[in-house]
Amino acid sequence: MRKWLTISAIVVALDIYTKHLIEGAFAYGDVLTITSFFDLVRYHNEGAAFSFLANAGGWQKWFFSGISTVAIVVITYLIRKHHTEKLFCLGLALVLGGAIGNLYDRLTLGYVVDFLSFYYQGWYWPAFNVADSAICVGVGLLLLDSFKKPN
């Protein structure tokens, strides 16, 4: 159990640290072009994935915080129950760390700081952060784990 929670804690620490660096170096809306397909930016997401419900008037902060809190409790239970299933628990640990990182922003700032922006010509993927990346990789690992043959 400790191994999985350590992975989650590392994700949280990296997420909070990188967001802190961006907040210190960038004003809201600033863009720094790194390559022809990647920018560092500072955006604030008051909604969920892809800014879903971002302009809903403020109630969404508590709604998404509640969902995150329930997810954190359920994921912790699942890790405890299945602690020997490596791929499954790694996926859960990454999702847990990402959920905690974004919940921290939501509760302390009222929004989530996003700063990684990828694009191709005029097509932009919504900006994201370390927590979002961990959640995506974690979900991918959970999907991969779901294709394993049952014992």
Side-chain angles (χ1 to χ4, degrees), residues 1-80 83 86-144:
M1 178 82 181
R2 180 175 289 145
K3 169 175 51 174
W4 307 122
L5 295 181
T6 299
I7 291 169
S8 297
I10 290 168
V11 169
V12 173
L14 284 171
D15 183 60
I16 291 172
Y17 180 67
T18 55
K19 290 172 180 174
H20 173 75
L21 291 175
I22 291 298
E23 288 179 301
F26 289 75
Y28 176 78
D30 281 354
V31 176
L32 174 64
T33 299
I34 304 296
T35 70
S36 63
F37 60 88
F38 172 66
D39 295 338
L40 284 177
V41 299
R42 180 176 170 186
Y43 295 141
H44 300 163
N45 183 355
E46 295 181 12
F50 309 114
S51 296
F52 176 66
L53 294 178
N55 297 317
W59 64 267
Q60 72 277 19
K61 169 187 171 183
W62 301 110
F63 176 72
F64 293 128
S65 295
I67 289 174
S68 294
T69 302
V70 169
I72 288 165
V73 170
V74 170
I75 291 169
T76 303
Y77 167 77
L78 289 171
I79 290 173
R80 176 172 279 130
H83 66 275
K86 292 180 180 179
L87 188 59
F88 182 69
C89 285
L90 178 57
L92 288 175
L94 292 172
V95 172
L96 178 62
I100 293 170
N102 281 340
L103 177 62
Y104 176 83
D105 271 15
R106 207 173 297 287
L107 293 176
T108 60
L109 302 172
Y111 53 82
V112 174
V113 176
D114 290 327
F115 59 90
L116 302 169
S117 178
F118 286 89
Y119 53 91
Y120 176 72
Q121 295 177 354
W123 297 319
Y124 284 78
W125 187 257
F128 58 98
N129 56 45
V130 171
D132 299 333
S133 301
I135 291 169
C136 288
V137 171
V139 168
L141 292 175
L142 291 171
L143 287 170
L144 184 62

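Just so you know, these numbers use all the heavy atoms, side chains as well, and skip hydrogens, waters and symmetry mates.
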Do R42 side-chain atoms and F26 backbone N/O form a donor-acceptor pair below 3.5 Å? yes
Main-chain N/O of L90 paired with W4 side-chain donor or acceptor, under 3.5 Å: no
Measure the spacing between CH2 of W125 and CG of L116 and express it to the nearest 0.5 Å. 13.5 Å
So CE of M1 and CZ of R80: to nearest 0.5 Å the spacing works out to 4.0 Å
Ignoring hydrogens and geometry, is there a side-chain-to-backbone donor-acceptor pair from S8 to A93 under 3.5 Å? yes
What's the spacing between S133 OG and L14 CG if we round to 0.5 Å? 11.0 Å
For V112 versus N102, what's the shortest heavy-atom pair and its separation? CG1-OD1, 3.1 Å
Side chain N129, main chain V113, donor-acceptor under 3.5 Å: yes
Verify the neighbour count for atom CZ of F118: are there more than 12 heavy atoms of other residues, nucleotides or ligands below 6.0 Å? yes
N/O donor-acceptor pairs under 3.5 Å from side chains in residues 28-38, not counting sequence neighbours:
| residue | atom | partner | partner atom | Å |
| --- | --- | --- | --- | --- |
| D30 | OD2 | A27 | N | 2.8 |
| T33 | OG1 | D39 | OD1 | 3.3 |
| T35 | OG1 | F37 | N | 3.1 |
| T35 | OG1 | F38 | N | 3.0 |

Distance check, rounded to the nearest 0.5 Å: L96 atom CG versus L78 atom CG? 10.5 Å
Y124: which residues meet the ring-ring contact (aromatic ring centres under 6.0 Å, His included) condition with it, sequence neighbours left out? Y119
